[in-house]
Amino acid sequence: MSNIIRKIITSANAPKPVGPYSQAVQVGQTVYVSGCLGLDKDTMKLVSGGAANEAKKAIENLEAVLVAADSSLSNVVKTTVLLEDINDFTSVNDVYKTYFKEPFPARACYQVGKLPLGAKIEIEVIAISGPLETKL
């Protein structure tokens, strides 16, 4: 029986982790991307403009990590969205659906007590690396 490989995924096109974790870990064809904030990778500061702008940047950061894993937003099978304020649900959904298309990935969305660096949103995903066929 062959060993299962755990590969650490890193992208210079996304912000470095703000804690002791990897940007993503791939096991087999499954890619687990750590929670992404709406950080500018060069300044390591949150983008301005509220939850919607942070969501846009967070998804762009996710995408950069996915590309490094030979994946993409269309290969995402599950997302978890963490919001500082559930009242941002609608504006974040408006941004979310410009990046994720039907059939949408499975998703959970929660309001949390506090996010790192005072962020308004954090998004993590599970995706498949390589070709993926969708059946409806």
Side-chain angles (χ1 to χ4, degrees):
M1 184 176 202
S2 63
N3 290 339
I4 296 173
I5 305 295
R6 179 176 77 158
K7 181 179 176 185
I8 305 304
I9 305 298
T10 303
S11 172
N13 295 321
K16 293 180 180 178
V18 298
Y21 56 87
S22 299
Q23 287 177 324
V25 176
Q26 181 175 340
V27 179
Q29 286 186 266
T30 306
V31 182
Y32 303 88
V33 182
S34 296
C36 286
L37 304 174
L39 288 172
D40 177 286
K41 73 174 182 65
D42 297 321
T43 65
M44 291 301 289
K45 295 190 187 285
L46 293 166
V47 297
S48 61
N53 282 352
E54 285 187 33
K56 180 178 186 286
K57 190 63 176 171
I59 295 169
E60 290 169 358
N61 292 336
L62 284 168
E63 188 171 31
V65 175
L66 288 167
V67 166
D70 188 30
S71 189
S72 66
L73 292 175
S74 62
N75 280 19
V76 171
V77 296
K78 170 75 167 68
T79 65
T80 302
V81 179
L82 306 173
L83 297 172
E84 178 192 56
D85 184 349
I86 200 68
N87 291 315
D88 291 325
F89 185 78
T90 301
S91 65
V92 167
N93 279 340
D94 289 342
V95 171
Y96 184 94
K97 66 186 175 187
T98 67
Y99 289 92
F100 293 100
K101 304 298 182 191
E102 291 191 44
F104 297 112
R107 186 178 94 169
C109 183
Y110 307 99
Q111 176 176 308
V112 296
K114 195 171 185 178
L115 291 167
L117 306 179
K120 297 189 179 310
I121 184 170
E122 181 173 1
I123 306 172
E124 67 177 21
V125 302
I126 300 171
I128 302 302
S129 177
L132 179 65
E133 180 182 340
T134 300
K135 290 187 179 188
L136 300 176

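Keep in mind it's a predicted model, so treat the numbers as computed, not measured.
Contact between Leu62 and Ser34 at its shortest, heavy atoms only, is CD2-O, 4.2 Å. Minimum heavy-atom separation, Ala68 to Thr10: CB-O, 3.7 Å. In terms of heavy-atom proximity, Cys36 sits nearest to Ala58 at O-CB, 3.6 Å. The two residues Gly28 and Gln26 make their nearest non-hydrogen contact at O-NE2, 2.9 Å.
Crowding of Lys101 atom NZ: a count of heavy atoms from other residues, nucleotides or ligands under 6.0 Å exceeding 12. Crowding of Ile4 atom CD1: a count of heavy atoms from other residues, nucleotides or ligands under 6.0 Å not exceeding 12.
Residues that satisfy the side-chain hydrogen bond (donor to acceptor under 3.5 Å, both in side chains) test with Ser72, not counting sequence neighbours, are Ser74. Remark: Gln23 pairs with no residue by the side-chain hydrogen bond (donor to acceptor under 3.5 Å, both in side chains) rule, at least two apart or across chains. Considering only residues two or more places apart in sequence or on other chains, Glu124 meets the side chain to side chain contact (heavy atoms under 4.5 Å, CB included) condition with Thr80. Among residues two or more places apart in sequence or in another chain, the salt bridge (Lys or Arg N to Asp or Glu O under 4.0 Å) test is passed with Asp94 by Lys97. With sequence neighbours excluded, no residue forms a side-chain hydrogen bond (donor to acceptor under 3.5 Å, both in side chains) with Asn13. For Lys56, the side-chain hydrogen bond (donor to acceptor under 3.5 Å, both in side chains) partners two or more places apart in sequence, or in a different chain, are Glu60.
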### Message
Ile126 vs Val76, test: side chain to side chain contact (heavy atoms under 4.5 Å, CB included). Steps then yes/no.
### Response
CA-CA 6 Å; Ile126 300 171; Val76 171; over 6 Å; no
### Query
So Leu83 and Val92, side chain to side chain contact (heavy atoms under 4.5 Å, CB included) or not? Walk me through it.
CA-CA 9 Å; Leu83 297 172; Val92 167; 3.8 Å; yes
### Task
Determine, stepwise, if the pair Leu82 / Ile123 fulfils side chain to side chain contact (heavy atoms under 4.5 Å, CB included).
CA-CA 6 Å; Leu82 306 173; Ile123 306 172; over 6 Å; no
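Counting heavy atoms from C-beta on, the side chains of Val18 and Met44 come closer than 4.5 Å. Residues Gln29 and Asn75 are not in side-chain contact: their nearest non-hydrogen atoms beyond the backbone lie 4.5 Å or more apart.
With Val25 as the fixed residue, the side-chain contact (heavy atoms from CB on, under 4.5 Å) test singles out one of Ile9, Val33, Ile8: Ile8.
Side-chain atoms of Asn61 come within 3.5 Å of backbone atoms of Leu39 as a donor-acceptor pair (strictly under, hydrogens ignored). Side-chain atoms of Ser71 come within 3.5 Å of backbone N or O of Ile128 as a donor-acceptor pair. No donor-acceptor pair closer than 3.5 Å links the side chain of Glu122 to the backbone N or O of Leu37. Ser129 contributes a side-chain N or O that, together with a main-chain N or O of Ala69, makes up a donor-acceptor pair within less than 3.5 Å. At distances below 3.5 Å, not a single donor-acceptor pair connects side-chain atoms of Glu54 with backbone N or O atoms of Gly38.
Within the structure, salt bridge (charged side-chain N to carboxylate O under 4.0 Å, His left out) pairs that include any residue of residues 2-20 do not occur (at least two apart or interchain). Sorted by first and then second residue, the salt bridge (charged side-chain N to carboxylate O under 4.0 Å, His left out) pairs with a member in residues 66-84 read Glu84-Lys120; sequence neighbours excluded. The ring pair (Phe, Tyr, Trp, His ring centres under 6.0 Å) analysis of residues 3-35, with sequence neighbours excluded, yields no pairs. Sorted by first and then second residue, the ring pair (Phe, Tyr, Trp, His ring centres under 6.0 Å) pairs involving residues 100-136 (not counting sequence neighbours) are Tyr96-Phe100. Applying the salt bridge (charged side-chain N to carboxylate O under 4.0 Å, His left out) rule to pairs touching residues 24-51 yields nothing, sequence neighbours excluded.
Through ILVMFWY side-chain contacts below 4.5 Å, Ile5 is grouped with nothing and stands alone.
Remark: Ile121 CD1 to Leu115 CG distance equals 8.5 Å, nearest 0.5 Å. Expressed to the nearest 0.5 Å, how far OG of Ser48 lies from NZ of Lys57 amounts to 12.0 Å. Ile59 CD1 to Tyr99 OH: the interatomic distance, rounded to the nearest 0.5 Å, is 6.5 Å.
With hydrophobic clusters built from ILVMFWY side chains whose heavy atoms lie under 4.5 angstrom apart, Val81 does not share a cluster with Leu46.
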